[in-house]
Amino acid sequence: MAAERYNAPDRERHWQQVWRVQETFETRRDPAKPKYYVLEMFPYPSGRVHMGHVRNYTMGDVVARYKRARGFNVLHPMGWDAFGLPAENASMERGVSPKGWTYENIAAMRAQLQGLGLSLDWSRELATCDESYYKQQQKLFLDFYAKGLVYRKKSKVNWDPVDNTVLANEQVIDGRGWRSGALVEQRELEQWFFRITDYAEDLLAGLDTLDRWPDKVRLMQRNWIGKSEGARLRFKLSGEPLPGGKGELEVYTTRPDTIFGASFLAISPGHPLALVLAKKNPALKDFLAECARMGTSQEEIDKAEKKGFDTGVKAAHPFRTGAKLPVYVANFVLMEYGAGAVFGCPAHDQRDLDFANKYKLKVRPVVIPQDKDATNFKIANESYTGDGRIANSMFLDGMSVDAAKEEIIQRLEKKKIGKRETNYRLRDWGVSRQRYWGAPIPMIRCPECGVVPVPEADLPVTLPDDVTFDAPGNPLDRHPAWKHVKCPSCQGAAQRETDTCDTFVDSSWYFARFCSPHEDDRPVDPEACDYWLPVDQYIGGVEHAILHLLYSRFFTRAMRDCGHLNLAEPFAGLFTQGMVIHETYKDAGGKWLSPDDIRFADNGGEGERCVTTIDGAPVEIGAPEKMSKSKKNVVDPAVFQAHYGADTARWFVLSDSPPERDLLWSDDGAQGAWRFIQRVWRIVEDAAEKGAQPDAKKPPEFSADAMELRRAAHRALDKVAKSIEGLGFNRAIAASYEFANAFAPALQKSNDDSMKFAIREAAEIFSHIVNPFMPHLGEECWLRLGHNTLLANAPWPDADPALLVDDTVTIAVQVNGKRRDELVIARGASREDTEAAALKLDSVIRAIEGRPVKKVIVVPQRIVNVVA
RNA sequence: GCGGACGUGGCGAAACAGGUAGACGCAAGGGACUUAAAAUCCCUCGGUCGUAAGGCUGUGCGGGUUCGACCCCCGCCGUCCGCACCA
C-alpha cells in the first residue's frame, strides 16, 4: 500500500474539533491529584499571532502536555492583556471603538491560537478589559487603599509628551518613553501610588527563595530594588548666607567610616536649602537653572561634567573640632535618593575626587590598603574604594572598614546627630494614567469630603462607550456626564477620578484570577488559589524581568495582606525564552525587502547570489533580527500553518536553538521539520502494518534486532522525558531524530514475533515522545496504531531501566592522554580485565613504543589512560 | 563606569561530578530509484598530511593545575545583555 502523505492542516482541524467537543483540556480542582500550573505570559490582543507567540505558547504547551501525561492535574489557561494604548490609537486612526477593536482582535487571535492545538482550558479565558475582571481589580484597589497601600501625592512625574500620559520609572528607558520613544519630561501632577516600597525588603529577601528563576532576572530585580545600608547624619551649619546665620543639614552615606575624609558637603540643586539660598543669590539661581536644563538622557549624563557652586555656607565636622567644610550645590547629587545631600570624601569616591580636583578641595585618605603605608599612600586621580585599615581618623584608626562603620554609627547615635539607615532605589509605583482605555480608578473627589472611595456596591465603575478622540488628552476628562457623580459620603456634587490604571496593574494578578475566573463577588477564590498557586512554570520574555515580574510579586504580597491569597511568591519557576529572528534584506537603495521579494540565483558558477524577484537586482543580506513589520522580515504563522500545519511550526520553533536563546527562522529549517513529520508518519504507518496487534502479549524472548530497537526506543523515551523536565526542548527534539534514524532501518529487518512486538512498542513510544511537540500528529499516529482513545489522555510510559544500558560498553583508550583506540568490553568488566584488555591493543603497544608503563588509570565504563 | 552572560565545523548546536569533542538538524557534495522532476533512500562532510592503514592538529588568545581540560585557576581579546551620577 502506497503511503499517503500526511495532510497536516486537514488532520489538525479534525483533532482540534475532537479536543474541543470532548473538553479534553478543561480542568477542575482535584485534591487527589498533584497539580501543575503552567502559564505563558498572556498576549496583548494586537490582532495577529506572531512567531514569538508560537514559540512561547508551544514551550508552555509541551510542558503542559508532558505533565498531564505524567499524571498531574494541569492548569493551562489563556487570556488577554487587553487594555492599552494601541486600541486608542486605532480608534483615532480608523474611528472604531477601542472596545470593539479589542474584542475583534481577541476573536481573531483566539482562532489563531486554537489553530495551534494548544492544550488550553478555554473555559477560563479572560480579558482584562472585561467588566467582570476590572470590577474585581477595582475591589482590590479599594482593599489596598483601606490597607494603606494606595495613596495620592503630588509629585514630579515622567510625562510622555507623545502618548500624553505619565510613565512609571520602570517605563522610562534611557530617558525615553518605553512605547513612544519620546523624550520624557518632568511634570508635577497629583497621582495615585502603590506602596511597593513597603515591601522592598521582603521583595529582596524573597528573591533568595526563587531557585527556579534565572539568576539574571533575580540579579536585575536585586539591582532595581537597590538596597544600600548606611547612615543619615546631621551637620551643623553656619555662615552669613543662611537665614539667621545658622542651620542644619542632613546627609546620607553608605560610607560613614570615611567621615574623617570628608572635605565638603554637596546638596542637590533641588534641595530646599539650595532653593532658600538662591532667593538671595542670583548667581546661585542661575546655576540651579542651568542644572534644571540638563537632560536626563544617558548621553547627557555621560558627558556631564561634575559642577558645583560654593554657597559660602560652612558645616562643622562632627568629630574634628574646629574643622569647617564648605557646602556646595552639586549637579550630580540626586534629590530623590537618600537625603538629597552628601558629604564628599574625595579619597574614596571617584565622583567626589573629580569634584575635589576641580575645585581644589582637600583629599584626605582614611582607608589604607593592606599593602600600603599610611604615610606614603597618596590619591591622585583614582579614588580607592577597596578594603583596608582606617587611618587619620582619631578613634577609628586601625579598624577595618566594617568595624569602623559600626563604631561610627554607634557614636552618631550616642551623640544624637545621626542614625543607621537603609535606603532603596525602588520608588513607589505610580499607577495613574491619563488615558481612556484602562481600568477606571474607583475614587471620587468631593470638594467637601476630599477623596472618597467608590462604595463596593457601586462597582464596577464602568468605562463609558460614548467617548471621542477628536481632541488631545483624556476623553474621560471631557466626557459630559460620566465624571459627574454624587459624593457617596455627603451626597453633594463630586467628580470621579478620570485617570485609569497603568496596564501593568491588570497583569499583576491575572494568574490568580485564572484559578477562579468566574467568581462574581470577590477577586479570587482563596481555596482555589491555595490549590493552584503558585504557578509552577511561568514562561515569557526577559523584557519583563523587572516591570511585570516585580509588580506581580508585590501584588501577590499585597493581596495576601488583604486576605485574598496565602502566599508571597506567585511564580515558583520562571523561564525566559529567546526571540524568533530572521535574516533581513535590503536593496541597493537601502530599502527593506520581504523574504518573499528575494530569491537566490546562480552566480555564474560561483555559488549563489541573492537578488530581488522583481528585477533581479542584487540584494544585501543583513544580520538576523527580531521579526518586525518595519524590517519586513516577518513570517506569518497563519500563512505558514495553512500550508504546513501547526505541528511543523511548533516543531521547528523549538528545534534548532536552546529555548532561552534566539531562534533563527529559516525556510530550509522549517522544511526540515515538515520532512520529519512526513517521516514519522511513514514510519508509524509502516510499523502499524508490520508490528503486533495492540493487545499482543510480550514475548518471553527477544531477538537481537528486537532488543536493539527496544533499547533505542526506551533510551529515546528516557532522554525526551528528562529533556522536557529540564526545558531542553532542542535536546528532546534531537533525541527524537536520533530515534527515527534507528527505527526506520529496524523496520526492514527480519520480522519474527518478538520483532513485531518491539516494533509496536517502538511505534507507541515514538507517538508519545513526539506528542507534546506535535500533538495532532501524535493523535493521528495513536489512531493509526489501533487505539480508540486519545493520546492526550494516555499516561506517559515509564522507560524500562534495564533497557537503558547495553550489555557492552565502548570505552576510549588513551596513551598519555591521547586517544589511541577504543575498546568494547562487557558492562560489568572489572578494573583489572579492562586494564589488561587495553594493554593488549596493538595501537596501544605501538603508542607506548616500548617505554615502561608507569601508571594505568581506569575509570570503569568510561576510559583507560595508560601513562608511559 | 558597574554588574552579568557568552565565545565549539560553512551555519544552528550537542557533550560539561574533568573522561572518545562536534550527537541532532540545516546547508553542501556524491550515488540509487525515475523518461524527467518532486518525494524517498544510501554515502561523505572541522583542518591538514597520506593511495590507504594511519598520523598531526583542533572548542577566542596566552599561561597554569591534572594521568586527562570545551569544562577548573590566572591574565588578555571579542560579542551580547542589564543598570547607570543611588553617595
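A note on names: the letters A, B, ... follow the listed sequences, proteins ahead of strands, and every chain is numbered from 1.
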Syn/anti state of B:G10 by chi, 90° boundary around 0: anti
Watson-Crick or G-U counterpart of B:G19, or none if no pair lies under 3.5 Å: B:C67
hbond_proxy A:Lys306 side chain to B:C85 base (donor-acceptor, 3.5 Å cutoff): yes
A:Arg5 vs B:U40: side-chain N/O to OP1/OP2 distance below 4.0 Å: no
Contacts of A:Asp215 that satisfy salt bridge (Lys or Arg N to Asp or Glu O under 4.0 Å) - sequence neighbours left out: A:Arg218
Presence of A:Lys818 side-chain N/O under 4.0 Å of B:U57 phosphate oxygens OP1/OP2: yes
Gap between atoms CG and C1', on A:Asn423 and B:C86 respectively (whole Å): 9 Å
Distance, C1' atom - from B:C56 to B:G75, rounded to whole angstrom: 29 Å
Nearest-nucleotide pick for A:Tyr337, side chain only, options being B:A14, B:A87, B:A84: B:A87
Nucleotide nearest A:Phe332 (side chain, heavy atoms from C-beta), chosen from B:C81, B:A14, B:C85: B:C85
Contact state string [nucleotides 17-27 of chain B, B base, S sugar-phosphate only, - no protein heavy atom under 4.0 Å]: --BB--BSSSS
Within-4.5 Å side-chain heavy-atom neighbours: A:Val367 and A:Val401: yes
Gap in Å between the two P atoms, one belonging to B:A37 and one to B:A32, rounded: 12 Å
For atom CD of A:Glu250 and atom P of B:A87, their distance in whole Å: 17 Å
Aromatic plane relationship, A:Tyr644 with A:Trp674 - under 30° parallel, 30 to 60° tilted, over 60° perpendicular: perpendicular
By side chain to side chain donor-acceptor pair (under 3.5 Å) - contacts of A:Arg675 (at least two apart): none
Close aromatic pair by centroid cut-off 6.0 Å: A:Tyr737 and A:Phe676: yes
A:Glu708, CD: over 12 other non-hydrogen atoms inside 6.0 angstrom: no
